[in-house]
Amino acid sequence: ACLAEWAEPSPRDRVIGYWRPLGKRDDAVVAKLVEEHLPALLANASGKLQVDMTKLIDRLKIKTDDDAFLQWIEDKGRSADARIAALHLLANRRSAKLDKSLQAALVSDQPRLRATAREVLCDTKAPDAFDQLKKAIDDGTTLEKQRAIRALNRLKDERAVNLLGRWFERFASGKGP
């Protein structure tokens with residue numbers, strides 16, 4: 001978290017809370033250090049640190065092996081947050097591994113990961129995005145239904161507009177998920 005704020009640090013000291021404004025700094029310093037030690041950082045990170053490192057790598061556009069993040073997405077033992085961060089990283093990079101990672105995420109046992117994959121499908125304008133949202137609305141968990149309904153507005157598709165209209169009518173009558 002501290003490295004993510006390196007370029008524009010908070011004026012308040014993170015440890016003791018004193019007001020100590022610092023000027024802007026160059027992200028390249030952090031990017032170079034992280035890139036040099038990336039394998040060790042990722043190998044030794046766990047939990048929230050994996051998520052924070054992945055977001056930092058994405059934000060600083062540090063070169064990595066996309067296969068490693070595809071493996072994270074496929075790893076059922078890894079936390080949903082880490083898998084979601086890896087999916088966002090590959091999506092933001094428009095990685096060649098994105099299609100494979102989306103397919104792995106869509107069949108995951110983690111509803112948040114599946115819901116995020118559907119949202120990424122919408123953002124990438126995938127042809128099957130509407131069908132995936134419709135499937136989630138019909139058969140998904142409550143979380144998946146809610147996020148699929150929310151994602152419908154991302155599609156520029158008449159079917160999405162019609163389905164969203166029907167759901168508005170259901171909500172108005174008190175029958176929403």
Side-chain angles (χ1 to χ4, degrees), residues 1 4 34 38-171 175-177:
V34 171
L38 190 60
L41 288 169
L42 291 177
N44 295 319
S46 63
K48 177 143 175 43
L49 188 55
Q50 285 179 336
V51 175
D52 289 343
M53 283 298 303
T54 305
K55 289 178 181 178
L56 180 67
I57 291 165
D58 190 18
R59 191 176 69 71
L60 296 177
K61 298 180 179 19
I62 295 171
K63 294 177 185 167
T64 60
D65 178 16
D66 290 350
D67 285 326
F69 292 100
L70 173 60
Q71 289 174 357
W72 282 25
I73 294 166
E74 293 173 340
D75 182 359
K76 294 178 182 184
R78 198 169 295 271
S79 74
D81 290 334
R83 294 170 79 184
I84 289 168
L87 182 60
H88 281 299
L89 179 130
L90 294 177
N92 291 342
R93 292 181 174 196
R94 293 175 175 72
S95 169
K97 307 288 182 187
L98 183 59
D99 287 339
K100 192 170 181 181
S101 66
L102 284 168
Q103 295 311 312
L106 288 169
V107 297
S108 166
D109 60 346
Q110 297 171 328
R112 286 182 31 229
L113 179 59
R114 291 192 304 262
T116 301
R118 290 184 192 98
E119 292 166 354
V120 170
L121 279 174
C122 294
D123 294 341
T124 60
K125 299 176 181 27
D128 65 333
F130 175 78
D131 296 330
Q132 287 290 336
L133 292 178
K134 177 94 171 76
K135 179 181 173 188
I137 291 169
D138 292 342
D139 303 322
T141 65
T142 301
L143 172 98
E144 289 176 286
K145 289 178 183 186
Q146 291 170 340
R147 288 190 48 191
I149 291 168
R150 188 175 73 190
L152 282 171
N153 74 334
R154 295 179 180 194
L155 297 177
K156 306 296 182 228
D157 184 326
E158 190 64 32
R159 298 174 300 168
V161 172
N162 292 335
L163 183 58
L164 194 54
R166 288 194 302 272
W167 273 97
F168 279 144
E169 291 171 7
R170 286 183 72 178
F171 286 135
K175 297 179 182 171

Heavy-atom closest pair, residues [X] and [Y]:
X	Y	answer
Arg83	Arg78	CD-O, 3.5 Å
Ala45	Gln50	O-NE2, 3.2 Å
Ala160	Leu152	CB-O, 3.7 Å
Cys122	Leu133	SG-CD1, 3.4 Å
Met53	Val34	CE-CG1, 4.0 Å
Ala136	Glu144	CB-O, 4.2 Å

(request) Before accepting this row, confirm whether a basic side-chain N of the pair Asp131/Arg159 lies closer than 4.0 Å to the acidic partner's carboxylate O. (result)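 Yes.
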(message) Set out, in order, the CA-CA distance, both residues' side-chain angles and the distance that settles side chain to side chain contact (heavy atoms under 4.5 Å, CB included) for Asp123 and Arg154, then state yes or no.
(response) CA-CA 7 Å; Asp123 294 341; Arg154 295 179 180 194; 3.1 Å; yes
Contact between [X] and [Y] at the side-chain level, heavy atoms closer than 4.5 Å - yes or no?
X	Y	result
Leu42	Phe69	yes
Lys63	Leu38	no
Glu119	Arg150	yes

Atom [atom1] of [X] and atom [atom2] of [Y]: how far apart are they, to the nearest 0.5 Å?
X	Y	atom1	atom2	value
Ser95	Lys100	OG	NZ	11.5 Å
Lys55	Leu89	NZ	CG	12.0 Å
Asn92	Asp58	CG	CG	4.5 Å
Leu155	Phe130	CG	CZ	8.0 Å
Ile137	Leu163	CD1	CG	4.5 Å
Leu49	Leu41	CG	CG	8.0 Å

(request) Using the test side chain to side chain contact (heavy atoms under 4.5 Å, CB included), find all partners of Ala105 that sit at least two apart in sequence or belong to another chain. (result)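 Ala105: side chain to side chain contact (heavy atoms under 4.5 Å, CB included) contacts with Ile73, Leu87, Leu113, Ala117.
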(request) Go through the steps for Asn162 and Glu158 under the test side chain to side chain contact (heavy atoms under 4.5 Å, CB included), then give the verdict. (result) CA-CA 6 Å; Asn162 292 335; Glu158 190 64 32; 3.6 Å; yes
(message) Do Arg147 and Thr116 pair up side chain to side chain, a donor and an acceptor below 3.5 Å, judged on atom types alone?
(response)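 Thr116 and Arg147 do have a side-chain donor-acceptor pair below 3.5 Å.
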(message) Consider salt bridge (Lys or Arg N to Asp or Glu O under 4.0 Å). Of Asp66, Asp65, Asp67, which one does Lys97 pass it with?
(response)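 Of the listed options, the one satisfying the test is Asp67.
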(request) Indicate yes or no for a side-chain donor-acceptor contact from Arg114 to the backbone of Ser108 under 3.5 Å, with no hydrogens or angles considered. (result)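 Yes; judged by distance alone, with no hydrogens or angles, the pair exists.
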